[in-house]
Visitor: 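Pasting a structure below so you can have a look.
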Amino acid sequence: QVQLVQSGAEVKKPGASVEISCKASGYQFIAYGIHWVRQAPGQRLELMGWINPDNGATKMSPQFEGRVSISSDTSATASYLKVTGLRSGDTAVYYCARTSGPVAGHFDTWGQGTLVAVSS
Amino acid sequence: QSVLTQPPSASGTPGQRVTISCSGSSLNIGHNNVQWYRHLPGTAPKLLIYNNIQRPSGVPDRFSASKSGTSASLAISGLQSEDEADYYCVSWDDSLYGPVLGGGTTLTVL
(Lines give C-alpha, C1' and ligand atoms only; values in the text may rest on other atoms or scores of the structure.)
Protein backbone atom coordinates (compact mmCIF):
# COMPACT_ATOMS: atom_id res chain seq x y z
CA GLN A 1 0.00 0.00 0.00
CA VAL A 2 1.01 3.61 -0.43
CA GLN A 3 3.10 4.63 2.54
CA LEU A 4 5.36 7.43 3.71
CA VAL A 5 7.67 6.59 6.60
CA GLN A 6 9.64 9.37 8.24
CA SER A 7 12.86 9.26 10.22
CA GLY A 8 12.88 9.39 13.98
CA ALA A 9 12.79 12.22 16.49
CA GLU A 10 15.73 14.60 16.73
CA VAL A 11 17.07 16.83 19.48
CA LYS A 12 19.27 19.65 18.28
CA LYS A 13 21.00 22.67 19.75
CA PRO A 14 20.26 26.18 18.50
CA GLY A 15 22.24 26.99 15.38
CA ALA A 16 22.54 23.37 14.32
CA SER A 17 20.99 21.77 11.24
CA VAL A 18 18.62 18.85 10.93
CA GLU A 19 17.67 16.65 8.00
CA ILE A 20 14.48 14.58 8.07
CA SER A 21 13.80 11.81 5.60
CA CYS A 22 10.51 10.63 4.14
CA LYS A 23 10.69 7.17 2.57
CA ALA A 24 7.98 6.42 0.02
CA SER A 25 6.72 2.99 -0.97
CA GLY A 26 3.84 1.39 -2.78
CA TYR A 27 3.68 3.76 -5.75
CA GLN A 28 5.70 5.29 -8.58
CA PHE A 29 7.76 7.82 -6.66
CA ILE A 30 8.39 10.26 -9.51
CA ALA A 31 4.71 10.60 -10.42
CA TYR A 32 3.63 12.44 -7.26
CA GLY A 33 4.82 15.54 -5.46
CA ILE A 34 5.98 15.61 -1.87
CA HIS A 35 5.11 18.51 0.40
CA TRP A 36 6.38 19.30 3.87
CA VAL A 37 4.21 20.67 6.66
CA ARG A 38 4.99 21.43 10.28
CA GLN A 39 3.17 22.19 13.49
CA ALA A 40 4.89 23.92 16.39
CA PRO A 41 3.49 23.37 19.89
CA GLY A 42 0.29 25.32 20.34
CA GLN A 43 0.47 26.66 16.80
CA ARG A 44 -1.37 25.97 13.57
CA LEU A 45 -0.14 23.89 10.67
CA GLU A 46 2.36 25.58 8.33
CA LEU A 47 3.09 24.61 4.74
CA MET A 48 6.85 24.66 4.24
CA GLY A 49 7.41 23.76 0.60
CA TRP A 50 7.29 21.06 -2.03
CA ILE A 51 9.35 19.05 -4.46
CA ASN A 52 8.53 17.40 -7.76
CA PRO A 53 10.63 14.21 -7.55
CA ASP A 54 10.47 13.77 -11.31
CA ASN A 55 12.58 16.81 -12.11
CA GLY A 56 13.75 17.99 -8.70
CA ALA A 57 11.90 21.30 -8.92
CA THR A 58 11.24 22.81 -5.50
CA LYS A 59 9.40 25.78 -4.05
CA MET A 60 9.58 26.99 -0.46
CA SER A 61 6.86 28.99 1.21
CA PRO A 62 8.07 32.59 1.60
CA GLN A 63 8.57 32.37 5.36
CA PHE A 64 10.92 29.40 4.94
CA GLU A 65 13.06 30.59 2.06
CA GLY A 66 16.75 30.67 2.89
CA ARG A 67 16.89 28.27 5.85
CA VAL A 68 14.94 25.35 4.48
CA SER A 69 15.73 23.08 1.55
CA ILE A 70 13.93 20.07 0.14
CA SER A 71 15.52 17.35 -1.93
CA SER A 72 14.73 13.89 -3.20
CA ASP A 73 16.55 10.74 -4.22
CA THR A 74 14.68 8.75 -6.84
CA SER A 75 16.83 5.64 -6.34
CA ALA A 76 16.00 5.67 -2.64
CA THR A 77 12.40 6.84 -3.27
CA ALA A 78 12.84 9.35 -0.50
CA SER A 79 12.49 13.06 0.09
CA TYR A 80 14.53 15.06 2.57
CA LEU A 81 13.84 18.26 4.46
CA LYS A 82 16.83 20.18 5.77
CA VAL A 83 16.54 23.09 8.16
CA THR A 84 19.63 25.10 9.02
CA GLY A 85 20.26 27.65 11.74
CA LEU A 86 17.78 26.00 14.06
CA ARG A 87 16.13 28.12 16.70
CA SER A 88 13.64 27.35 19.44
CA GLY A 89 10.77 28.33 17.17
CA ASP A 90 11.65 25.42 14.90
CA THR A 91 10.64 22.96 17.60
CA ALA A 92 7.76 21.21 15.89
CA VAL A 93 6.38 18.04 14.43
CA TYR A 94 7.30 17.87 10.76
CA TYR A 95 5.16 15.93 8.27
CA CYS A 96 5.70 14.93 4.67
CA ALA A 97 2.66 14.44 2.46
CA ARG A 98 2.11 13.09 -1.03
CA THR A 99 0.03 15.07 -3.47
CA SER A 100 -2.37 13.51 -5.92
CA GLY A 101 -0.34 14.99 -8.80
CA PRO A 102 3.30 15.83 -9.62
CA VAL A 103 3.10 19.17 -7.79
CA ALA A 104 -0.45 20.32 -7.07
CA GLY A 105 -3.41 18.38 -5.79
CA HIS A 106 -4.68 17.15 -2.49
CA PHE A 107 -2.52 15.48 0.16
CA ASP A 108 -3.72 11.91 0.02
CA THR A 109 -1.02 10.21 2.06
CA TRP A 110 0.90 11.49 5.07
CA GLY A 111 4.00 10.45 6.95
CA GLN A 112 3.67 9.74 10.64
CA GLY A 113 5.46 12.93 11.64
CA THR A 114 8.93 13.64 13.04
CA LEU A 115 9.44 15.62 16.22
CA VAL A 116 12.34 18.02 16.14
CA ALA A 117 13.18 19.61 19.48
CA VAL A 118 15.58 22.55 19.57
CA SER A 119 17.03 23.16 22.99
CA SER A 120 20.29 24.31 24.49
CA GLN B 1 -1.19 35.74 8.71
CA SER B 2 -2.73 33.04 6.56
CA VAL B 3 -3.59 33.55 2.90
CA LEU B 4 -6.93 31.82 3.42
CA THR B 5 -9.18 33.12 6.19
CA GLN B 6 -11.02 30.82 8.55
CA PRO B 7 -12.76 31.59 11.83
CA PRO B 8 -10.45 30.54 14.67
CA SER B 9 -13.17 28.63 16.47
CA ALA B 10 -16.56 27.02 16.00
CA SER B 11 -18.80 25.05 18.30
CA GLY B 12 -21.97 23.03 18.40
CA THR B 13 -23.88 20.51 20.45
CA PRO B 14 -24.14 16.82 19.62
CA GLY B 15 -26.44 16.23 16.67
CA GLN B 16 -26.21 19.79 15.46
CA ARG B 17 -24.93 20.98 12.08
CA VAL B 18 -21.98 23.34 11.98
CA THR B 19 -20.28 25.08 9.10
CA ILE B 20 -16.74 26.39 8.79
CA SER B 21 -15.96 29.03 6.22
CA CYS B 22 -12.80 29.63 4.22
CA SER B 23 -12.26 32.85 2.31
CA GLY B 24 -9.59 33.44 -0.29
CA SER B 25 -9.10 35.30 -3.56
CA SER B 26 -9.17 34.89 -7.31
CA LEU B 27 -5.57 33.69 -7.12
CA ASN B 28 -6.44 30.64 -5.06
CA ILE B 29 -9.97 29.51 -4.24
CA GLY B 30 -11.47 31.49 -7.09
CA HIS B 31 -9.38 29.57 -9.63
CA ASN B 32 -8.41 26.29 -7.98
CA ASN B 33 -9.81 23.38 -6.06
CA VAL B 34 -10.25 23.41 -2.29
CA GLN B 35 -9.43 20.64 0.16
CA TRP B 36 -10.37 20.23 3.80
CA TYR B 37 -8.36 18.40 6.45
CA ARG B 38 -9.02 17.40 10.02
CA HIS B 39 -6.10 17.49 12.41
CA LEU B 40 -5.53 16.34 15.95
CA PRO B 41 -2.17 17.64 17.21
CA GLY B 42 0.45 14.93 17.26
CA THR B 43 -1.25 12.92 14.54
CA ALA B 44 -1.10 13.21 10.77
CA PRO B 45 -3.82 15.39 9.23
CA LYS B 46 -6.66 13.54 7.54
CA LEU B 47 -8.14 14.45 4.17
CA LEU B 48 -11.88 15.06 4.45
CA ILE B 49 -12.75 16.78 1.17
CA TYR B 50 -10.90 17.22 -2.14
CA ASN B 51 -11.81 18.81 -5.47
CA ASN B 52 -14.14 21.19 -3.58
CA ILE B 53 -16.84 18.65 -2.78
CA GLN B 54 -15.46 15.11 -3.12
CA ARG B 55 -15.17 12.81 -0.10
CA PRO B 56 -12.45 10.15 -0.04
CA SER B 57 -13.66 6.66 0.67
CA GLY B 58 -14.14 6.15 4.37
CA VAL B 59 -15.17 9.71 5.15
CA PRO B 60 -18.78 9.73 6.41
CA ASP B 61 -21.39 11.62 4.43
CA ARG B 62 -21.93 13.78 7.53
CA PHE B 63 -19.08 15.81 6.05
CA SER B 64 -19.92 17.93 3.03
CA ALA B 65 -18.49 21.01 1.40
CA SER B 66 -19.25 23.69 -1.11
CA LYS B 67 -17.48 26.43 -2.99
CA SER B 68 -18.73 29.67 -4.46
CA GLY B 69 -16.51 32.28 -6.04
CA THR B 70 -13.58 32.93 -3.72
CA SER B 71 -15.07 31.21 -0.67
CA ALA B 72 -15.62 27.67 0.44
CA SER B 73 -17.27 26.03 3.40
CA LEU B 74 -17.24 22.72 5.22
CA ALA B 75 -20.39 21.43 6.87
CA ILE B 76 -20.54 18.76 9.54
CA SER B 77 -23.97 17.41 10.32
CA GLY B 78 -24.98 15.12 13.18
CA LEU B 79 -22.13 16.51 15.24
CA GLN B 80 -20.34 13.98 17.43
CA SER B 81 -17.88 14.40 20.26
CA GLU B 82 -15.16 12.78 18.18
CA ASP B 83 -15.49 15.60 15.65
CA GLU B 84 -13.58 17.85 18.05
CA ALA B 85 -10.43 18.74 16.13
CA ASP B 86 -8.78 21.47 14.10
CA TYR B 87 -10.05 21.89 10.55
CA TYR B 88 -8.03 23.44 7.73
CA CYS B 89 -8.84 24.50 4.19
CA VAL B 90 -6.15 24.36 1.50
CA SER B 91 -6.05 25.61 -2.06
CA TRP B 92 -3.40 26.17 -4.71
CA ASP B 93 -2.24 29.77 -5.12
CA ASP B 94 -1.30 30.83 -8.66
CA SER B 95 0.82 33.75 -7.45
CA LEU B 96 2.83 31.83 -4.87
CA TYR B 97 2.90 28.72 -7.07
CA GLY B 98 2.20 26.54 -4.11
CA PRO B 99 -0.59 25.48 -1.79
CA VAL B 100 -1.89 27.92 0.78
CA LEU B 101 -3.50 27.13 4.06
CA GLY B 102 -6.27 28.59 6.15
CA GLY B 103 -5.45 29.54 9.71
CA GLY B 104 -7.42 26.59 10.99
CA THR B 105 -10.67 26.37 12.95
CA THR B 106 -10.87 24.61 16.29
CA LEU B 107 -14.19 22.82 16.58
CA THR B 108 -15.58 22.27 20.06
CA VAL B 109 -18.51 19.96 20.72
CA LEU B 110 -20.31 21.35 23.75
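Letters A, B, ... mirror the listed sequences (proteins, then strands); counts begin at 1.
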Visitor: Would you mind checking which part of A:F107 comes under 4.5 Å of any heavy atom in chain B, side chain (CB onward), backbone (N, CA, C, O), both or neither?
Guide: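 Contact with chain B involves both backbone and side-chain atoms of A:F107.
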
Visitor: Strictly under 6.0 Å, is that where the ring centroids of A:F64 and A:W36 end up?
Guide: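 No - the distance between ring centres of A:F64 and A:W36 does not fall below the 6.0 Å cut-off.
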
Visitor: Measure centre to centre between the rings of A:Y27 and A:Y32, then say whether the value is under 6.0 Å.
Guide: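 Yes.
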
Visitor: I'd like to know if the side chain of B:Q6 and the backbone of B:C89 have a donor-acceptor N/O pair within less than 3.5 Å.
Guide: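 Pair found, side chain donor or acceptor close to backbone of B:C89.
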
Visitor: Hey, which of B:G102, B:S91, B:S2, B:P45 has the most heavy atom pairs under 4.5 Å with chain A?
Guide: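 Of the options given, most contacts go to B:P45.
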
Visitor: Which one of A:G105, A:P62, A:A97 has the most heavy-atom pairs closer than 4.5 Å to chain B?
Guide: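 Highest number of pairs under 4.5 Å: A:G105.
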
Visitor: Quick one: what part of B:T43 sits under 4.5 Å from any heavy atom of chain A, side chain, backbone, both or neither?
Guide: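 Only the backbone of B:T43 comes within 4.5 Å of chain A.
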
Visitor: Identify which part of B:V34 has an atom lying under 4.5 Å from any heavy atom of chain A, answering side chain, backbone, both or neither.
Guide: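 Answer is neither: B:V34 stays 4.5 Å or more from chain A.
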
Visitor: Quick check against the 3.5 Å criterion: does B:H31 have a side-chain atom that pairs as donor or acceptor with the backbone of B:W92?
Guide: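 Checking the backbone N and O of B:W92 against the side chain of B:H31, no donor-acceptor pair under 3.5 Å is found.
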
Visitor: Output, in order, the C-alpha distance, side-chain angles, deciding distance and verdict of salt bridge (Lys or Arg N to Asp or Glu O under 4.0 Å) for B:R55 and B:D61.
Guide: CA-CA 8 Å; B:R55 276 190 317 275; B:D61 58 7; 5.1 Å; no

Visitor: Which bit of A:E46 is near chain B, if near means a heavy-atom gap under 4.5 Å: side chain, backbone, both or neither?
Guide: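 Answer is backbone: N, CA, C or O of A:E46 sit under 4.5 Å from chain B.
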
Visitor: Which bit of B:Y88 comes within less than 4.5 Å of chain A, counting heavy atoms only: side chain, backbone, both or neither?
Guide: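 The answer is the side chain of B:Y88.
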
